[in-house]
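Only one structure is covered here, and it is reproduced in the block below.
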There are 2 protein chains.
Amino acid sequence: MPQRKENSVSFENEQALETDCPFIFALSLMGKRWKPAILWKMTEGIHRFGEMKRAIPPISEKMLTQHLRELETDGLITRTIYPEMPPRVEYALTNLGLSLQPILEQLNTWGEKAKKTKAKK
Amino acid sequence: MPQRKENSVSFENEQALETDCPFIFALSLMGKRWKPAILWKMTEGIHRFGEMKRAIPPISEKMLTQHLRELETDGLITRTIYPEMPPRVEYALTNLGLSLQPILEQLNTWGEKAKKTKAKK
DNA sequence: TATGGTAGTTACTAAACCGTAAGTATATGC
DNA sequence: GCATATACTTACGGTTTAGTAACTACCATA
C-alpha cells in the first residue's frame, strides 16, 4: 500500500535499514503519520471506523482506511465485519498491538519531558 | 528545516497532533528517517560526522547534516567545534538524548518480536 | 421518493521528502 | 602545484505521501 517503486534508492535504503535494525522496523509499523493516534484511541476503547473519525478530527477517511489496513496486515489489529444493516466493522488490538502499549506510554512521558525542555530555551 | 509551508493542511494537522499528543511530539523528534540510526550509533560511541557517514552507509551527507541539525535544535544532542585543521566537530547526547536510550532498546526488542510474528504468516 | 447512516473507494493534485552531484574553505603532505 | 582530508552547503529533479472531493452500496425510515 505504500506505493513504492521497487528500484528507487529510497526504497532500497528503507529496506536495508529495516532489515538490519529492528527498531526502524518497529517504527515502520507504528510510527507513521496517524498510526500512533489510531493506536492511542484504540487503547482508550475506540473500536469503530466512525468513532475514530470523530475522535481524530483532522484525519480524512482515506487516511484512516489506509492506516487501518496497514495496521491489520502488520498484525497489530484485527478487523471484524458484522453483516448487519447499516454495516458494522470493529477493530481490536492483537496481542502484539497490546504489547506496544507500555512503550507508547513511556514515549508519551518522554515527549512531555522533551516539550518542557524545548520550551525553556 | 523541515521546509513546511505554514498554511498547508499537512502543517496544520501536524501542529494539532503534536500539540495534544506528547507521543506524536516525541516521534517528531526522534522517529524520522535516519534519526533512530544516528541516535543508535551515538549510544555506541560514535561522535564525529565522518564516522557516522561510514557507520550508516547509505546515508548522504546532506541528510546526515540535516538530521544532526534538527537533533541539535531539538535538544537531543550537542555540537562542539574544535578549531583545528582539518576541522573537527564532535556530537554528544544531551541528558534528554540519553534518557531516550532505554526506550529505544525496548522498541528494538518489540521490533524483533513483531518481525517474527510477521514472518510466521 | 428522498434522506440518513455506515464504511468505505477512487481520481486528481498539492506538498514534502530524499538523493545526486557539484562546490566551499582551510591547511598539510608529496 | 595538485591531491587529500574534514565538514559541510546548494541546486535540481524525481519519488513518495497526504488531502480534497466526489462517488459506491446497502437498507431503514419518513
Side-chain angles (χ1 to χ4, degrees), chain A residues 1-18 24 27-28 31-38 46-72 77 79-91, chain B residues 1-18 24 27-28 31-35 37-38 46-72 77-91:
Chain A
M1 200 157 277
Q3 44 277 72
R4 293 226 187 254
K5 300 201 171 172
E6 294 190 11
N7 55 344
S8 72
V9 177
S10 269
F11 177 80
E12 281 165 21
N13 281 348
E14 211 164 277
Q15 292 280 96
L17 285 169
E18 286 176 14
I24 291 173
L27 282 177
S28 78
K32 295 206 165 170
R33 195 63 174 177
W34 306 93
K35 284 183 189 174
I38 293 172
I46 287 182
H47 301 294
R48 299 187 55 185
F49 188 89
E51 287 177 320
M52 287 186 203
K53 217 175 75 179
R54 286 185 289 276
I56 311 171
I59 199 172
S60 67
E61 297 182 348
K62 173 188 159 188
M63 284 291 111
L64 184 51
T65 310
Q66 194 175 112
H67 284 106
L68 287 169
R69 290 289 182 287
E70 287 177 19
L71 289 169
E72 194 195 350
I77 65 174
R79 180 171 181 263
T80 313
I81 304 166
Y82 296 89
E84 303 170 358
M85 202 53 60
R88 183 160 64 96
V89 176
E90 290 204 349
Y91 297 92
Chain B
M1 200 155 275
Q3 43 276 73
R4 294 225 185 253
K5 299 198 173 173
E6 293 191 10
N7 56 345
S8 72
V9 176
S10 268
F11 177 80
E12 280 164 22
N13 281 349
E14 211 163 277
Q15 292 280 96
L17 285 169
E18 287 177 13
I24 291 174
L27 281 177
S28 76
K32 296 205 164 172
R33 195 64 173 176
W34 306 94
K35 285 183 189 174
I38 294 172
I46 288 183
H47 303 293
R48 299 187 54 184
F49 188 88
E51 287 178 320
M52 286 186 204
K53 216 175 76 179
R54 286 185 288 275
I56 310 170
I59 198 173
S60 68
E61 298 183 348
K62 174 188 160 188
M63 283 293 111
L64 184 51
T65 311
Q66 195 177 110
H67 283 102
L68 287 170
R69 289 289 180 288
E70 288 176 21
L71 289 168
E72 192 195 352
I77 64 174
T78 56
R79 179 170 183 263
T80 313
I81 304 167
Y82 297 90
E84 303 170 357
M85 200 53 61
R88 183 160 64 99
V89 176
E90 289 204 352
Y91 298 91

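Fair warning: this is a prediction, and the values are worked out from it, not measured in the lab. Each chain gets a letter, A, B and so on, in the order the sequences are listed, and its residues count up from 1.
For the pair Glu14(B) CD and dC17(C) C1', the computed distance is 12 Å after rounding to whole Å. To the nearest angstrom, P of dA7(C) lies 15 Å from CD of Glu72(A). Between the C1' atom of dA7(C) and the CZ atom of Phe49(A) lies a distance of 6 Å, rounded to the nearest Å. Following rounding to the nearest Å, His47(B) (NE2) and dA7(D) (C1') show an atom-to-atom distance of 17 Å. The distance between atom CD1 of Ile81(B) and atom C1' of dA7(D), rounded to the nearest whole Å, is 10 Å. Taking atom NZ of residue Lys53(B) and atom P of nucleotide dA5(D), one finds them 10 Å apart after rounding to whole Å. When rounded to the nearest whole Å, the span between OH of Tyr82(A) and P of dG8(C) equals 13 Å. For the pair Gln15(B) CD and dG19(D) P, the computed distance is 14 Å after rounding to whole Å.
Across its full length, the helix from dT1(C)-dA30(D) to dC30(C)-dG1(D) shows an angle of 30° between the axes of its 5 terminal pairs at either end, rounded to 10 degrees.
Take Glu12(A) and apply the salt bridge (Lys or Arg N to Asp or Glu O under 4.0 Å) test, not counting sequence neighbours, and it matches no residue. For Glu14(B), the side-chain hydrogen bond (donor to acceptor under 3.5 Å, both in side chains) test picks out Arg33(A), Arg4(B), with sequence neighbours left out. Qualifying salt bridge (Lys or Arg N to Asp or Glu O under 4.0 Å) partners for Glu84(B), counting only residues two or more places apart in sequence or in other chains: Arg88(B). Gln15(A) is linked by a side-chain hydrogen bond (donor to acceptor under 3.5 Å, both in side chains) to nothing, counting only residues two or more places apart in sequence or in another chain. Ala55(A) pairs by the side-chain contact (heavy atoms from CB on, under 4.5 Å) definition with Lys41(A), Ile46(A), not counting sequence neighbours. Judged as a side-chain hydrogen bond (donor to acceptor under 3.5 Å, both in side chains), and not counting sequence neighbours, Lys62(A) has no contacts. Residues satisfying the side-chain hydrogen bond (donor to acceptor under 3.5 Å, both in side chains) criterion with Glu51(A), sequence neighbours excluded, are absent altogether.
Residue Lys5(B) is in sugar-phosphate contact alone, with no base atom involved, counting any heavy-atom pair closer than 4.0 Å across all strands shown. Residue Tyr91(A) is classed as a sugar-phosphate contact, given heavy-atom separations below 4.0 Å to backbone atoms only.
Considering only side-chain N and O atoms, Arg88(A) lies nowhere under 4.0 angstrom from the phosphate OP1 or OP2 of dG5(C). Between Arg79(B) and the phosphate of dA7(D), there is no side-chain N or O to OP1/OP2 separation shorter than 4.0 Å. Here Arg48(B) reaches the OP1 or OP2 of dA7(D): one of its side-chain N or O atoms lies under 4.0 Å away. For Thr65(B) and dA7(D), the shortest distance from a side-chain N or O to OP1 or OP2 is not below 4.0 Å.
His47(A) NE2 to Tyr91(A) OH: the interatomic distance, rounded to the nearest 0.5 Å, is 13.0 Å.
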Worked check of side-chain contact (heavy atoms from CB on, under 4.5 Å) between Lys35(A) and Glu70(A) = CA-CA 9 Å; Lys35(A) 284 183 189 174; Glu70(A) 287 177 19; 2.8 Å; yes
remark   = Heavy-atom contacts, protein to nucleotides 18-28 of chain C, under 4.0 Å, summarised as B (base), S (sugar-phosphate only) or - (none) per nt, yield BBB-----BS-
